[in-house]
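When a ligand or atom number is given, it counts from 1 through the structure's own listing order. Quick caveat: nothing in here was measured; it's all calculated off a predicted structure.
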Amino acid sequence: MKVGYDAATHVFRLDGADISYVLGVNEKGELQNLYWGKRLDAQDPFAAAKSPGGGSGFDPAVNLTPTEFVGWGAGLYAVPNLKVTFPDGNRDLVLHYLSHEIQGDTLRVTLKDIGRDVRVELLYEMNAETGVLARSAKIENHTKLPLTIEEAFAATWNLPSSNDYQLRYLTGRWAAEWKLQEEALHTGKVVLESRRGSTGDEVNPWFAIERGAQPDQDTGDVWFGALGWSGSWQINVEQNAANQVRVTGGFTPFDFAYLLKPEQSLETPKFYGGYSNSGIGGASRLLHRFELGSIVPGGMHRKLRPILYNSWEATGFDVNEAGQETLAEKAASIGVERFVMDDGWFGQRKDDHAGLGDWYVNQQKFPHGLKPLIDKVHSLGMDFGLWVEPEMVNPNSDLYKAHPDWTLNFPGRPRTEGRSQLMLNLARPDVRAYVYGFLDKLLTENDIAFLKWDYNRNWSEPGWSAVPIEQQKEVYVEYVRNLYSILAELRSKHPNVEIESCSGGGARVDLGIMRLTDEVWPSDNTDPFDRLRIQDGFSYAYAPGVMMAWVTDSPNWMNNRSTSLDYRFLSSMQGSLGIGANLSKWSAEDFSTAKKLVAQYKLLRPTIQDGALYRLISPEEGSEFSVTESLSTDGKQAAVFAFLHSSQLGDGDPRIFPRGLEPATKYSIHALVGSLDSRMPERASGEYWMHRGIDVSLRGDFQAMLFTLEREGAK
Ligand code: GLA
């Protein structure tokens with residue numbers, strides 16, 4: 001695969017998988033989009049780009065041009081990709097094509113201001129396997145004086161003019177993350193944003209736009225995108241009065257300023273975009289494949305997620321050697337592969353009011369250090385993981401007493417606490433060195449296979465008084481860069497250590513952090529019924545293969561809801577299975593149920609974690625049912641999870657229609673948990689299962705079943 005370029009028309013073309021992306025330089029020198037969508041024939045012609053001309057005196061031409069990257073200047077009213085102030089007061093910036101470079105599937109186009117030597121190198125990287133395009137920009141100051149960047153967006157995605165677009169995005173809050181929002185686009189602007197210093201859970205940096213409101217998950221044209229950035233961000237979805245749609249994303253301009261000295265540059269985050277003509281279902285399957293194959297560490301060669309046990313809901317902060325060892329023995333007996341000790345093991349940590357920042361082992365709780373526990377966990381055949389929250393400090397800690405200036409703050413102003421903690425300013429080199437240093441020491445001195453990296457508050461008073469005033473707002477960029485560099489350095493020095501991104505639940509999940517972590521924690525809400533909706537929303541943007549899901553106690557601590565162990569397991573088995581229950585309270589029967597289901601999960605693990613997800617019945621909008629299907633990458637196995645909230649008025653169960661099977665091939669059906677309708681055959685064609693459908697027998701409240709379809713001759 002190679003980027004195509006036609007010198008006669010000045011048209012560039014990137015093809016990947018089922019997607020083509022075409023752009024060109026118009027007669028004015030502006031770079032504009034010509035096409036983004038389904039893969040076209042290699043011979044299909046594209047005429048040279050042409051500026052549309054102004055609509056009227058009120059709309060200079062630049063507003064109607066589907067520009068790929070545009071400076072604020074020349075009468076632009078749409079969101080610019082770049083806005084700067086020069087030291088002489090000039091704020092006009094008009095970027096025209098200067099040069100390009102093609103290397104395999106990567107295109108670099110350099111734009112330059114019409115007068116001053118400010119350049120922007122646009123990077124286009126086409127993913128051959130999925131057609132997902134990664135776009136970013138490098139802004140370079142080659143003038144003799146510093147300039148201030150006030151707005152810097154990575155890229156703009158242009159969609160063809162249409163008046164029936166539907167926008168989807170994800171919103172939430174603590175313990176209620178991943179709510180899917182759907183609305184019609186009309187003239188105006190939808191701003192998706194985090195001003196919280198990190199990705200945040202109020203809105204996630206992902207969008208999907210469908211042409212027409214398709215009733216079916218797996219049909220229709222869908223364009224989607226996601227930002228790879230774990231700091232404050234913004235995505236603008238604009239539809240102008242001519243129904244042209246532009247999606248522009250990158251750093252949020254709110255409270256943003258970046259001083260670019262002569263010969264310095266600023267790189268934006270990557271903004272990924274893709275397209276599917278198999279509906280929103282096809283779009284998320286494509287994005288999942290891209291994430292698993294090209295974003296998470298190891299890509300195609302990544303390890304499947306081990307089944308872990310985590311002590312948080314069982315013990316809270318009350319961890320100690322004997323208690324953890326007892327839990328470890330019980331966890332090992334049901335087939336758990338990784339034992340993780342959560343919060344409470346360090347400093348003077350008894351509750352969430354003290355200890356963060358003091359990363360030494362608490363002597364009362366672990367008089368002999370962590371080694372005896374780690375040895376015990378290993379002797380039980382599991383590896384060992386540990387909770388940390390490296391970016392935070394409690395005012396009640398040795399670290400804060402020694403370095404009160406290490407936190408984000410404005411001198412002389414109050415410091416707002418969240419969960420009784422303050423944020424360390426990771427942009428500071430001394431703080432970066434401290435955080436890297438203690439983590440490196442912890443991993444060097446102990447045989448630790450896994451870190452649960454937590455982050456339990458948002459920013460406030462984001463002051464960085466150690467640098468000159470005109471650079472203080474750079475904290476938004478430098479903080480995140482240092483976070484990434486710490487993660488990258490730890491991973492390269494300790495290549496066997498895996499990391500989970502947790503932020504009091506799912507408040508830091510994005511394609512930036514996913515490049516450096518192996519899994520994510522979607523929500524602190526572990527109620528298995530609430531989780532069906534949370535997991536459903538999560539799956540629009542992120543792969544089930546990175547989504548940790550624990551089986552916890554009943555009744556659930558969040559809402560006092562009681563559910564069976566089978567139900568709790570099946571809800572969690574839709575993602576990467578973990579156990580977070582208090583095993584000391586389990587009955588012999590619970591252990592045998594768990595042992596059986598853990599063994600079944602291990603057999604289905606590649607299908608669930610790597611396979612293609614089909615959302616057959618959505619749990620949204622008060623649905624009594626929820627059904628998902630995971631189809632293995634080789635097509636040999638489908639695992640179907642079906643959940644009933646509550647039988648109503650004697651209504652029957654809806655028929656289940658699986659997808660993605662080979663029509664003419666025979667599949668056998670196997671109920672692993674719960675039962676199928678007794679009239680179901682044991683084997684039939686893919687055609688039969690997909691079109692005649694499958695009847696199950698779910699009655700009562702909070703019922704769940706799991707069945708598989710196995711392709712004949714396969715194993
Ligand atoms: C956050 C996490 C939880 C747990 C606690 C520990 O809330 O999301 O899973 O680790 O912190 O304090």
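- Atom 4 (C) of ligand 1 has as its closest protein heavy atom Asp342 OD1, 3.4 Å.
- Less than 4.0 angstrom separates some heavy atom of Gly505 from each of these atoms of ligand 1: 8 (O).
- Atoms of ligand 1 lying under 4.0 Å from any heavy atom of Gly504, numbered from 1 in the order shown and given with element: 1 (C), 7 (O), 8 (O).
- Contacts between Asn310 and ligand 1 below 4.0 angstrom, taking non-hydrogen atoms only, are absent altogether.
- Taking 4.0 Å as the cut-off, Lys452 counts as a neighbour of ligand 1 on heavy-atom distance.
- Not less than 6.0 angstrom separates the ring centroid of His288 from the ring centroid of Tyr542.
- A donor-acceptor pair is defined here as one N or O able to donate and one able to accept, closer than 3.5 Å; such a pair exists between the side chain of Asn525 and the backbone of Ala175.
- Considering only non-hydrogen protein atoms, atom 1 (C) of ligand 1 sits nearest to Asp454 OD2, 3.0 Å.
- When heavy-atom distances to ligand 1 are checked against a 4.0 Å cut-off, Arg419 comes that close only through its side chain, counted from C-beta outward.
- Below 4.0 Å from some heavy atom of Cys502 lie the following atoms of ligand 1, by number and element: 2 (C), 8 (O).
- Looking at Arg615 and Glu629, no side-chain N of the basic residue comes within less than 4.0 Å of a carboxylate O on the acidic one, giving no salt bridge.
- You'll find the ring centres of Phe207 and Phe224 outside the 6.0 Å limit.
- In this structure, Lys270 forms no cation-pi arrangement with Trp229, as its terminal cationic atom is not both closer than 6.0 Å to the ring centre and no more than 45° off the ring axis.
- Atom numbering of ligand 1 starts at 1 in the shown order; those under 4.0 Å from a heavy atom of Trp521 are 8 (O), 9 (O).
- When ring centroids are compared, Tyr272 and Phe290 come within the 6.0 Å threshold.
- Closest to atom 12 (O) of ligand 1 among all protein heavy atoms lies Asp343 OD2, 2.6 Å.
- For Phe384 and His378, the ring centers are positioned 6.0 Å apart or more.
- Aromatic ring centres of Phe317 and Trp312 lie closer together than 6.0 Å.
- Considering backbone and side-chain N/O of Asp524, one or more are found under 3.5 Å from N/O of ligand 1.
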